[in-house]
Amino acid sequence: MSAVREQPPGIDELLERVRAAYRRIEAKKAYDAARAGTALLVDIRYAALRDWDGLIPGALVVERNELEWRLDPRGSHRVPEATGHDLRVVVICNEGYASSLAAASLHRLGLHRATDLVGGFQAWKAAGLPVAS
């Protein structure tokens, strides 16, 4: 008798699962939190997108492949902003998909307040929030 193997989730199901584990944030609320000093905005877009669309003033730029190493408060390669596990991090990708997976990864590192920006950088720009070239 052979065991029935459960199908692994597709990306849409996986996104749904990881997003259910935390509360995502809209662009205006992320902007307000960053201005108030209660959230660290982290832009994980690759250089070509940043060059094309611009930057969010004050956002920390950490490419996706370095994110966990830079934000782990106990890591030897952390950035100075990675001050502790209570840090509220808002991860921003281009459209809000890769950032959801990145926020889930930060949760696994113990950054329990990590979230991502609904709609990503494109939602930020569409909301008329500041962008530097």
Side-chain angles (χ1 to χ4, degrees):
M1 193 164 152
S2 67
V4 176
R5 295 184 90 168
E6 185 178 320
Q7 281 290 98
I11 189 61
D12 293 328
E13 184 181 345
L14 181 60
L15 278 172
E16 189 176 310
R17 286 181 190 179
V18 299
R19 288 173 174 169
Y22 63 89
R23 187 173 297 171
R24 301 178 79 209
I25 191 168
E26 299 286 336
K28 178 67 168 92
K29 288 188 179 187
Y31 172 74
D32 291 341
R35 285 195 51 185
T38 60
L40 174 65
L41 304 181
V42 179
D43 187 344
I44 64 168
R45 295 175 300 143
Y46 52 90
L49 286 176
R50 294 191 310 268
D51 290 346
W52 180 265
D53 278 331
L55 299 167
I56 295 173
L60 177 66
V61 174
V62 178
E63 293 209 15
R64 175 61 190 99
N65 64 323
E66 297 182 356
L67 184 68
E68 291 82 358
W69 283 268
R70 300 292 182 235
L71 292 183
D72 179 0
R74 298 184 310 181
S76 59
H77 293 79
R78 76 185 192 313
V79 293
E81 294 86 350
T83 56
H85 289 95
D86 286 335
L87 180 65
R88 185 177 182 201
V89 176
V90 177
V91 183
I92 303 165
C93 67
N94 194 49
E95 294 181 334
Y97 296 100
S99 57
S100 295
L101 299 175
S105 181
L106 293 178
H107 276 256
R108 287 191 297 276
L109 278 176
L111 292 156
H112 62 94
R113 296 181 68 206
T115 187
D116 76 308
L117 184 65
V118 175
F121 179 85
Q122 296 306 319
W124 179 280
K125 190 168 76 172
L129 297 171
V131 174
S133 47

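As the structure is a computational prediction, the values presented were derived from the model and not from experiment. The basis for the numbers below is simple: all heavy atoms, side chains too, and nothing from hydrogens, waters or symmetry mates. Sequence positions, counted from 1, serve as the residue numbers for this chain.
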K.L.:
With a 4.5 Å cut-off on side-chain heavy atoms, are Arg24 and Ser100 touching?
P.N.:
yes

K.L.:
For Leu49, which fellow cluster members are found when Ile, Leu, Val, Met, Phe, Trp and Tyr are connected by side-chain heavy-atom distances below 4.5 angstrom, either directly or through intermediates?
P.N.:
Tyr46

K.L.:
If you take all heavy atoms of Ser105 and Arg64, which pair is closest and at what distance?
P.N.:
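So the two residues come closest at CB-NH2, 4.0 Å.
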
K.L.:
Closest heavy-atom contact between Ala114 and Ala103?
P.N.:
CB-O, 4.1 Å

K.L.:
Minimum heavy-atom separation for Arg88 and Arg113, please, with both atom names.
P.N.:
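Taking Arg88 first and Arg113 second, the nearest heavy atoms are CD-NH2, 3.5 Å.
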
K.L.:
Are any non-hydrogen side-chain atoms of Leu60 and Val89 less than 4.5 angstrom apart?
P.N.:
no

K.L.:
To the nearest 0.5 Å, tell me how far Arg19 CZ sits from Thr115 OG1.
P.N.:
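So the CZ of Arg19 and the OG1 of Thr115 are separated by 10.0 Å.
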
K.L.:
To the nearest 0.5 Å, how far apart are CG in Leu109 and NE2 in His112?
P.N.:
12.5 Å

K.L.:
Tell me the closest heavy-atom pair linking Ala59 and Asp43, and the distance in Å.
P.N.:
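Smallest interatomic distance, heavy atoms only, reads CB-CB, 4.5 Å.
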
K.L.:
Would Val91 and Tyr97 show up in the same hydrophobic cluster when neighbours are defined by side-chain heavy atoms closer than 4.5 Å?
P.N.:
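No, no single cluster joins them.
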
K.L.:
Apart from Val61 itself, what residues make up its hydrophobic cluster, given side-chain heavy atom links below 4.5 Å?
P.N.:
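Under the 4.5 Å side-chain rule, Val61 groups with Leu55.
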
K.L.:
A side-chain contact here means heavy atoms from C-beta on lying under 4.5 Å apart; do Asn94 and Gln122 qualify?
P.N.:
yes

K.L.:
Is any side-chain heavy atom of Leu67 less than 4.5 Å from a side-chain heavy atom of Val42?
P.N.:
yes

K.L.:
Tell me if the CD atom of Glu16 is crowded by more than 12 foreign heavy atoms within 6.0 Å.
P.N.:
no

K.L.:
Suppose we screen for ring-ring contact (aromatic ring centres under 6.0 Å, His included). Which residues come up paired with His107, at least two apart in sequence or across chains?
P.N.:
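For His107 the ring-ring contact (aromatic ring centres under 6.0 Å, His included) partners, ignoring immediate neighbours, are Tyr22.
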
K.L.:
Where do Ala123 and Ala27 come nearest, in terms of heavy atoms and distance?
P.N.:
O-CB, 4.1 Å

K.L.:
Counting C-beta onward and ignoring hydrogens, is there a side-chain heavy-atom pair between Leu71 and Glu81 closer than 4.5 Å?
P.N.:
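Of all side-chain heavy-atom pairs linking Glu81 with Leu71, none is under 4.5 Å.
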
K.L.:
Other members of the hydrophobic cluster containing Trp69, with the 4.5 Å side-chain heavy-atom rule, please.
P.N.:
none

K.L.:
Please report the closest heavy-atom contact between Glu63 and Ala47, naming both atoms and the distance.
P.N.:
OE2-N, 3.6 Å

K.L.:
Just wondering, do Arg45 and Asp53 contact through their side chains at under 4.5 Å, heavy atoms?
P.N.:
yes

K.L.:
Distance-only criterion, 3.5 Å: show the donor-acceptor pairs between side-chain atoms of residues 72-80 and protein atoms not counting sequence neighbours.
P.N.:
| unit_1 | atom_1 | unit_2 | atom_2 | d |
| --- | --- | --- | --- | --- |
| Asp72 | OD1 | Arg74 | N | 3.0 |
| Arg78 | NE | Pro73 | O | 3.1 |

K.L.:
My understanding is that a hydrophobic cluster links ILVMFWY residues whose side chain heavy atoms are under 4.5 Å apart, including indirect links. Using that, what else belongs to the cluster containing Leu117?
P.N.:
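Ile25, Tyr31, Leu41, Ile56, Val90, Ile92, Phe121, Trp124, Leu129, Val131, all in the cluster of Leu117.
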
